[in-house]
There are 2 protein chains.
Amino acid sequence: MANDTKTELLNSAERAARTRGFDGFSYADLSADVGIRKASIHHHFPTKAALSVALMQRYHANLKKACDDIDDQEPTGGGRLAALIDRYRTALDGGKSLCLCVSFSTSRDSLPAEVIVQIRNFRAMMVEWITQVFTLGVTDGSILDVRDPMAEAAAMLSLIEGAQLAARAEENPDLFESAVALMQQRLQ
Amino acid sequence: MANDTKTELLNSAERAARTRGFDGFSYADLSADVGIRKASIHHHFPTKAALSVALMQRYHANLKKACDDIDDQEPTGGGRLAALIDRYRTALDGGKSLCLCVSFSTSRDSLPAEVIVQIRNFRAMMVEWITQVFTLGVTDGSILDVRDPMAEAAAMLSLIEGAQLAARAEENPDLFESAVALMQQRLQ
DNA sequence: GTCTATATGTGGATAGAC
DNA sequence: GTCTATCCACATATAGAC
């Protein structure tokens with residue numbers, strides 16, 4: 001079930017979208033990557049718009065689960081925020097890949113309206129989770145100098161997305177580290 | 001000299017690239033926008049790669065000048081940083097447009113090697129300038145809680161670029177404000 | 001579910017007249 | 001410097017056989 005064609009197509013498409021953007025890959029690329037003909041892809045995803053919806057849906061679910069897993073494994077606010085930063089660091093893949101949400105944002109006008117809604121929901125979910133993490137960090141003293149958890153959360157998400165973008169621009173993961181260094185120093 | 005065809009093409013291309021990404025516009029779009037035929041555009045910019053180089057070159061010069069102007073007009077570090085944030089806020093155009101550097105970063109693989117170098121130079125220039133602003137802000141006391149000016153600068157650039165991206169994702173400038181609110185509170 | 005074959009549009013780019 | 005006309009590659013998508 002995990003390695004069926006549909007899943008392989010989603011994997012290939014997500015990799016492509018995150019490295020080259022939504023307008024930067026085609027069904028021909030997926031065809032070459034997965035090893036089936038272009039026309040066969042349409043059987044699984046009738047249009048590229050439908051594919052983009054499926055991508056965002058799976059991405060949202062995956063990140064939600066990642067946040068839940070972090071909650072299970074890290075007891076402190078600081079530990080949870082550090083784990084989130086690490087997740088984005090890993091997703092960068094050495095400066096070759098972006099968060100799908102970041103990648104889709106620049107291609108906004110090429111995407112169906114449904115994906116725009118999905119992007120809004122994704123960001124709302126992330127900001128809400130990060131806000132709770134900051135709130136916990138105040139309570140347990142594991143994050144320094146927290147003024148306003150909600151404002152911190154909005155800034156935090158922009159910071160790590162911007163840090164990914166900087167690293168992607170030069171394909172240099174050091175730029176991600178430079179951008180998040182100050183924030184990491186606040187985590188105990 | 002300011003409104004010749006070449007400049008109009010650059011203006012149209014920059015607007016297009018910043019709203020739809022480098023892969024999101026074509027010579028046909030520029031043709032319709034500027035009012036000359038596709039083939040005529042090739043007289044001014046033989047290839048799209050050459051056009052992208054010209055765009056980044058002009059963008060770099062424009063931002064350099066903007067920073068110089070801010071230096072002239074704002075005496076304090078806090079004032080200068082606030083002016084930079086305002087520049088990025090204005091560039092957002094209500095959530096429709098990104099910094100060219102941000103837009104190009106996601107299309108990295110479609111761009112000529114020369115542009116990648118230009119992006120690196122652009123970011124280096126910006127980080128250097130912001131670092132000096134933070135240093136001044138420590139001296140004159142106009143920016144609160146500055147730990148390390150260089151680290152602050154890297155984080156600052158990622159923050160405002162990420163904030164633009166968030167606002168662009170939902171075409172909602174409020175998200176830019178939410179992301180930069182905490183930073184603005186540190187400016188006197 | 002995958003294939004071949006094809007339709008139809010658009011991409012960047014060139015040749016040569018004016 | 002701009003035009004018409006054209007090239008070729010590639011995009012998404014469909015029809016119908018196996």
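Given the structure is predicted, the values throughout are model-derived calculations rather than measurements. Numbers restart at 1 for each chain; the letters A, B, ... are given by sequence-line order, proteins then strands.
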Its 5'-most and 3'-most nucleotides having an atom under 4.0 Å from a non-hydrogen atom of chain A, DNA chain C is contacted over C:dG1 to C:dA5
Quick test of your reading: applying salt bridge (Lys or Arg N to Asp or Glu O under 4.0 Å), list the pairs with at least one residue in residues 92-119 of chain A, sequence neighbours left out, ordered by first then second residue.
A:R108-B:E171, A:D109-B:R168
Report the residues that fulfil side chain to side chain contact (heavy atoms under 4.5 Å, CB included) with B:A28, sequence neighbours left out, ordered by chain and then residue number.
B:S26, B:K38
List, by chain and number, the other hydrophobic cluster members for B:V117, where Ile, Leu, Val, Met, Phe, Trp and Tyr join if side-chain heavy atoms come within less than 4.5 Å, directly or indirectly.
none
Could I get the full list of ring pair (Phe, Tyr, Trp, His ring centres under 6.0 Å) partners for A:F176, not counting sequence neighbours?
none
Could you state the atom-to-atom distance from CG of A:L30 to C1' of D:dA13 in whole Å?
14 Å
What are the residues of residues 12-23 of chain B, sorted by number, that bring a heavy atom to within less than 4.0 Å of DNA chain D?
none
Going by ring-ring contact (aromatic ring centres under 6.0 Å, His included), name the pairs with one or both residues in residues 62-117 of chain A, residues two or more places apart or in two chains.
A:F22-A:F104
DNA chain C contacts among residues 107-116 of chain A, heavy-atom distance under 4.0 Å
none
For the residue pair B:V34 and B:I41, establish whether any side-chain heavy-atom pair is separated by less than 4.5 Å.
no
Going by heavy atoms closer than 4.0 Å, what residues in residues 35-53 of chain B are next to DNA chain D?
B:I36, B:R37, B:A39, B:S40, B:H43, B:H44
Salt bridge B:D68-B:K65, side-chain N to carboxylate O under 4.0 Å:
no
Partners meeting side chain to side chain contact (heavy atoms under 4.5 Å, CB included) with B:P173 (sequence neighbours left out):
none
Holding to salt bridge (Lys or Arg N to Asp or Glu O under 4.0 Å), I want the full list of residues that pass it with B:K6, two or more places apart in sequence or in another chain.
none
Listed by chain and number, what are the side chain to side chain contact (heavy atoms under 4.5 Å, CB included) partners of B:R58, not counting sequence neighbours?
B:T7, B:L10, B:N11, B:E14, B:N62
Under 4.0 Å between a Lys/Arg side-chain N and an Asp/Glu carboxylate O for B:R123 and B:E128?
no
What I want to find out is whether A:R20 reaches B:D23 closely enough, with some N-O distance under 4.0 Å, to be called a salt bridge.
no
